[in-house]
Protein chains: 2
Amino acid sequence: MAKKISILDIAKALGVSPTTVSFVLNGRAKEKRISERLEEQVLKYVNEIGYKPNSLARSLRTGKTNTIGLVVESISNTFFSNIARAIEDIAYANGYRILYSSTENSIERTRAILQMFADRQVDGYIISPPEGVEAEIQRLVEGKKPVVLFDRMIDKLGLDSVSINNEFSAYNATKVFLGNGYKLIACVTLDSRQQQMKDREEGYVKALEDSALSPIVYKADFDISDDDFKNGFSSFLTQHAGIDAILFTTNYLAIKGLRHLRNMGYKVGETFGLIAFDEHDLFELHQPPITVIAQPIEEIAQKLIALLLDRLGTDRILEPQHLVLPTTLQLRASSNKNLFR
Amino acid sequence: MAKKISILDIAKALGVSPTTVSFVLNGRAKEKRISERLEEQVLKYVNEIGYKPNSLARSLRTGKTNTIGLVVESISNTFFSNIARAIEDIAYANGYRILYSSTENSIERTRAILQMFADRQVDGYIISPPEGVEAEIQRLVEGKKPVVLFDRMIDKLGLDSVSINNEFSAYNATKVFLGNGYKLIACVTLDSRQQQMKDREEGYVKALEDSALSPIVYKADFDISDDDFKNGFSSFLTQHAGIDAILFTTNYLAIKGLRHLRNMGYKVGETFGLIAFDEHDLFELHQPPITVIAQPIEEIAQKLIALLLDRLGTDRILEPQHLVLPTTLQLRASSNKNLFR
DNA sequence: TTGTATGCGTTATCAG
DNA sequence: CTGATAACGCATACAA
C-alpha cells in the first residue's frame, strides 16, 4: 500500500494548504476558483506519487460510505446471484460498492445482517425480505436510509419496490395447462405468508375457478429436507390420484419435484405437465425442455439500483414507487403433452 | 439508527472518562483492572440505550476494517456463488464481512476491483485471478495484506492457495471414457494460459498417451459468443469426424456444448460420451444424467477462509501453503454408452 | 484565491 | 485504577 501519504503531506510537499489540495481532489477547483496552474500541479503530483484518499476518513467525515447493502435469500440461488451480478455492475459504475449477505429466510440471520449493515453505515439497502422483519426494516427507514425492496413486498411500509406480476403470471401459466387439455392441475408452493407466494397461488386458483375446477395445493416449508419433501410430495400425489400437471411456484421446488417425479416414474412431458417459476440454465436442455415463467432479471436489477441511486441522490422524500414488471412465459415441451403424440 | 450517541456521550452520562468506557467495551476491563461495579454499570447503560460503536471511526483508528475482499470470475456462475455462499458464513461467524466483485476474466476490471478494495482497506483477499494481474497481486502482498488464491494459481508469487488436482481429475475422467470403449475422445477447453486449464488438458493428453492415442482439442475464448462457439465447435466436429466422446473442462462450456450437440442431432449418452467439470443442479436430471468432476465446494471455502483468518491473526510471515484437494468423479450415464444397449 | 482550525468517533499513550 | 488528550485522514466554516 504505502498508504502513509496523506493530504497533508501533499500540501506540504507542494507548499500549499490541505484545503486547496482537497478542493482540487474533489473537482471543486473551478468552483473555488483555484488557479489552473496550481490545480494542474496538484493533480500531476498526486498522480505521480499515486495518492489515493483514505475512504474511511472521508466516510467518517462525510457520513457517506458509498456502500450498498444487498440482502438476498441466498447468493447461491441462481436467480439472486444473477440479480447480484447485474446490480454489481451498475453500482460500481456509479461509484458504489456492494456488501451482500444471505438470509436463508431466517429472521434471526436477517436481523444480524441488518445490524451489521447499519454498523457499517451502508448508504442504502436493497432487500428481498423474509417474513417477520418488518420492524427492523421500519427502523432503517426511520434512520433515513433509503430502502428498496424486491422479490417480496411489505406493503404496509410503503417502500419503493420492484416486483413482478406474480398473480397474473401464475394465472397465465395455469391457463396454458388448461388450454393444452390437462385435467387435474396441482400447484406446489411454499408454506409461507410471503405476498408473492400467495399471489402466485391466487393466480393459479383463479385460473381454475374460471373453469369451475377446484385447486389442489401442496405446500412445503422453505427449508424442507429432501426426505421430507419426498414423503410429503409422494403422499400428496397418491392422495390426489390423477394429477396430470403441476405448477411449481419456485425454481428449487421445481427441481426437487422434477427429481422425485422422475424417481417415481412419472413421464414429465408425455403425460405430465410441468411449469416452473424462474429460468434455469438447463431447463431448456432438460428432456423434455421445461416451460418456465421467466423474470426479467436484468431489468429488475436495473430498476432496483436506479431507484436506490435516485433516493441516494436527494434528501427529499419522494412518493414511493412500486414497479411491477411483466414476466415472460417461456413455452417449452413440458407444458404441452400434445407435442408427444 | 439514532446514531448520534458516541462513546463520549456515554462517558458524560456516567460521569466517567471515554477511556474507561472504551476499555469496558473492548473487553479489556479486567486487563485494565477497572472495578467490576463500574464495568457492569457501563455495560448496562450501553445496553439500555442500544449503543453501537461506529466501525468507521474504529477502523480509521485501528487500521483494521474486518472486511475481506472476495474476487471471483463471476458471481452468477454457480461454482463461484456456492463458494461465496460458504465463505460468507464462516467469515461472518468470525466477525468479518465480505466485499465481492466479479472480474469476468478482464484484467482491466480486476485492476479496478483490486484498487477499490485497497481504497476500502480490506484486511485480506481471496482471489481467483485472471491471467495478467500478477503485478497487481504482488503489490497487495507488498502492502502486507494476506492474499489467498483459489481456482487459479500464480506459482511464482508463492502465495497461499487452495486448488484441486486438475491434472489427475482430467486424466481419471479420460480413463473412464477409454475403459468404456470410446474411441475418439476430444477435449473442449478454454483458450487460456491459466494453469488449471493447462493442467486439465494435460491430464486428458496423458491418459490418451497411455493408450497411444492422439489428443483432439478444441479451444474457445472465455467470452466466446454463442454463435462463434456454434460455428467453431461444429466445424471442429466435422473436421474430426468420428469423435464419440468429449471432456469439457468447464461447466459453462459443457452447457454450451450440450446445447449444440443436441441441436446437431448427436445422441449424448447413447452414442456420444460426455463428462464435464463442476457439478450443476440439473446435470443429474438431464437425460441422460451427466457425469461430472465435482469440486469439494464446502471444503474449498473452508480452507480458503481458514487460511486467510490464520494469516490475519498473526504478523509473522508463514511458509505459504498450497492445498490441493481431491475431486469426486460423479459417474452417470453420459459417460457410459453401454448402459444404453 | 488560499490558509487555519476544528470535528467526525475511536483508540492509545501517558500521566496521575 | 482512571482521566486528559493526541492522533487516525479528510472536509469544511470561517478568516485572511
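Only this structure's heavy atoms are used, side chains among them; waters, hydrogens and symmetry mates stay out. Everything quoted here is computed from the prediction, not taken from an experiment.
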Distance, rounded to the nearest Å, where Ile5(B) contributes CD1 and dG9(C) contributes P
11 Å
In terms of heavy-atom contacts, Pro146(B) and Arg311(B) come closest through CB-CB, 3.5 Å
Counting the atoms with a prime plus P, OP1 and OP2 as sugar-phosphate, which does Thr19(A) contact under 4.0 Å by heavy atoms, base, sugar-phosphate, or nothing?
base
State which of dT13(C), dT2(C), dG9(C) makes the closest approach to the side chain of Leu38(A).
dT2(C)
So do the side chains of Glu136(A) and Ile113(A) get within less than 4.5 Å of each other, counting heavy atoms only?
no
Close side-chain approach of Ser163(B) to His322(B), heavy-atom, < 4.5 Å
no
Determine: side-chain N/O of Tyr51(B) to OP1/OP2 of dT10(C), distance under 4.0 Å, yes or no.
yes
Do the side-chain N or O atoms of Arg28(B) get closer than 4.0 angstrom to the phosphate oxygens (OP1, OP2) of dT11(C)?
no
Kindly say if Arg58(B) contacts the phosphate of dT11(C), meaning a side-chain N or O under 4.0 Å from OP1 or OP2.
yes
Any side-chain N or O of Ser17(B) below 4.0 angstrom from OP1/OP2 of dG3(D)?
yes
Could you state the CD1-C1' distance from Ile10(B) to dT11(C), rounded to the nearest angstrom?
14 Å
How would you label the contact of Ile34(A) with the nucleic acid (heavy atoms, under 4.0 Å): base, sugar-phosphate, or nothing?
sugar-phosphate
What is the distance, rounded to the nearest whole Å, between atom CZ of Phe23(A) and atom P of dA11(D)?
10 Å
Take the protein atom CD of Gln41(A) and the nucleotide atom C1' of dT1(C), then report the distance between them rounded to whole Å.
15 Å
Please report, rounded to the nearest Å, how far the P atom of dG9(C) is from the NZ atom of Lys12(B).
11 Å
Within less than 4.0 Å of OP1 or OP2 of dC10(D), is there a side-chain N or O belonging to Ser22(A)?
no
Return the OG1 to CG distance between Thr78(B) and Asn82(A), rounded to the nearest 0.5 Å.
10.0 Å
Which part of the nucleic acid, if any, lies within reach of Leu25(A) when heavy atoms closer than 4.0 Å are counted: base, sugar-phosphate only, or nothing?
nothing
Provide, to the nearest angstrom, the distance between the CD atom belonging to Glu31(A) and the P atom belonging to dA11(D).
14 Å
Determine: side-chain N/O of Ser35(B) to OP1/OP2 of dC1(D), distance under 4.0 Å, yes or no.
no
Is any side-chain N or O of Arg61(B) closer than 4.0 Å to OP1 or OP2 of dG9(D)?
no
Within a reach of under 6.0 Å around CD of Glu31(A), are more than 12 heavy atoms found that belong to other residues, nucleotides or ligands?
yes
Using heavy atoms to find the nearest nucleotide of DNA chain D for Gly15(B) and Asn26(A) separately, return the residue whose nucleotide is more 5′.
Gly15(B)
Once you round it to whole Å, what is the distance between P of dC1(D) and CG of Leu14(B)?
18 Å
Nearest-Å distance for atom pair CD1/P, residues Ile7(B) and dC8(C):
14 Å
Note: Arg120(A) and Asn66(B) closest approach over all heavy atoms is NH2-O, 3.1 Å
Picking from dG9(D), dG3(D), dT4(C), the nucleotide nearest the side-chain atoms of Pro18(A) would be dT4(C)
Output yes when at least one side-chain N/O atom of Asn54(B) is less than 4.0 Å from OP1 or OP2 of dC8(C), else no.
no
Heavy atoms only, 4.0 Å cut-off, all strands: where does Arg37(B) land among base, sugar-phosphate and nothing?
nothing
Using a heavy-atom cut-off of 4.0 Å across all strands, would you classify Leu56(B) as base, sugar-phosphate, or nothing?
nothing
